[in-house]
Amino acid sequence: VSVLERQIFDFLGYQWAPILANFIHIIIVILGLFGTIQYRPRYITGYAVWLVLWVTWNVFVICFYLEAGDLSKCANCTEPTRALPGTEHMFQKQRVPPQRINSSLVLLQETDLILTFNISMHRSWWMENGPGCTVTSVTPAPDWAPEDHRYITVSGCFLEYQYIEVAHSSLQIFLALAGFIYACYVVKCITEEEDSCKY
């Protein structure tokens with residue numbers, strides 16, 4: 001159920017890599033349930049192996065949103081890298097050479113497009129729709145801003161979108177660990193039952 005909820009919000013944000021990962025996860029969960037019902041340890045083992053990959057994916061998502069290590073959502077950033085209070089989510093929809101940026105605005109040149117396979121300029125749905133967030137259009141839009149994109153600022157969020165995404169991934173890791181333990185237990189029970197039937 002939680003992965004379906006996550007899938008919906010990833011669709012709303014056009015996050016294609018998480019959508020693909022969630023879809024594969026849903027298919028594997030169905031196969032794991034089928035293997036449990038039909039007493040097929042291969043399906044359950046496959047499910048357990050997938051859960052290791054699923055945990056790895058979610059750890060990557062957490063590191064990406066928390067900008068751990070060399071993972072950064074900011075490319076070609078100029079100083080300061082931290083936004084002023086109230087302008088935390090000002091962002092642009094197109095890369096701009098640093099000399100053309102209005103120095104009176106602190107812009108975050110976020111390039112977290114890896115989750116959209118760099119085919120769209122969308123971000124996490126929670127960026128604009130998080131709890132308590134107020135979206136304000138910046139007018140007039142800069143000359144370099146594409147006409148088909150909004151130039152906005154988001155402020156007043158109770159919880160930043162990065163932490164909401166991290167919470168989703170953390171929940172998935174917790175459920176995957178529980179699923180892995182369950183899968184190992186079921187495989188053990190099935191193999192013991194098969195061994196006892198042979199004698």
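Please read these numbers as outputs of a predicted model, since none were measured by experiment. Side chains included, hydrogens not; waters and symmetry mates left out as well; all remaining heavy atoms used.
Donor-acceptor pairing under 3.5 Å is lacking for the side chains of S124 and Q15.
When all heavy atoms of G130 and I164 are compared, the pair lying nearest together is CA-CD1, 4.4 Å. A17 approaches W57 most closely through the heavy-atom pair CB-CH2, 3.9 Å. The two atoms that bring I44 and G32 nearest to each other are CG1-O, 4.1 Å, heavy atoms only.
Qualifying ring pair (Phe, Tyr, Trp, His ring centres under 6.0 Å) partners for F9, counting only residues two or more places apart in sequence or in other chains: W125, W126.
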- Can you check side-chain contact (heavy atoms from CB on, under 4.5 Å) on E128 and C133, steps first, answer last? CA-CA 7 Å; E128 296 179 35; C133 292; over 6 Å; no
- Message: One pair to check against side-chain contact (heavy atoms from CB on, under 4.5 Å): W54 and N22. What are the steps and the verdict?
- Response: CA-CA 9 Å; W54 183 243; N22 293 338; 3.1 Å; yes
- Let me see the working for S170 and V166 under side-chain contact (heavy atoms from CB on, under 4.5 Å), right down to the final yes or no. CA-CA 6 Å; S170 299; V166 166; 3.9 Å; yes
- Message: Y163 vs L66, test: side-chain contact (heavy atoms from CB on, under 4.5 Å). Steps then yes/no.
- Response: CA-CA 8 Å; Y163 303 119; L66 294 179; 3.9 Å; yes
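Every pair passing side chain to side chain donor-acceptor pair (under 3.5 Å) that includes a residue from residues 23-40 is listed here, sequence neighbours excluded: H25-W50.
The distance from the OH atom of Y43 to the CD1 atom of I37 is 12.5 Å, given to the nearest 0.5 Å. Interatomic distance, CZ of F23 versus CH2 of W16, reported as 13.0 Å (0.5 Å rounding). Within the model, atoms OH of Y182 and CG of L51 stand 12.0 Å from one another, a figure rounded to the nearest 0.5 Å. Between the CD1 atom in I28 and the CG atom in L33 there is a gap of 11.5 Å [rounded to 0.5 Å]. Expressed to the nearest 0.5 Å, how far CG of L177 lies from CD of Q172 amounts to 11.0 Å. To the nearest 0.5 Å, atoms CD1 (I173) and CD1 (I62) are separated by 3.5 Å.
Side-chain contact between Q7 and V3 is absent, with no heavy-atom pair separated by less than 4.5 Å. A heavy-atom distance below 4.5 Å is not found between the side chains of Y47 and L31. A heavy-atom distance below 4.5 Å is not found between the side chains of C157 and M127. With a 4.5 Å cut-off on side-chain heavy atoms, V61 and Y65 count as touching.
Cluster partners of L175 are L171, F174, counting Ile, Leu, Val, Met, Phe, Trp and Tyr whose side-chain heavy atoms approach within less than 4.5 Å, directly or via other members.
Crowding of F34 atom CZ: a count of heavy atoms from other residues, nucleotides or ligands under 6.0 Å exceeding 12.
Note: the hydrophobic cluster containing V49 does not contain F60 (ILVMFWY, side chain heavy atoms under 4.5 Å, direct or indirect links). Placement of I181 and V52 in two distinct hydrophobic clusters is found when ILVMFWY residues are connected by side-chain heavy-atom separations under 4.5 Å, directly or transitively. Following chains of ILVMFWY side-chain contacts shorter than 4.5 Å, one can reach I26 starting from L12, so the two form part of one hydrophobic cluster.
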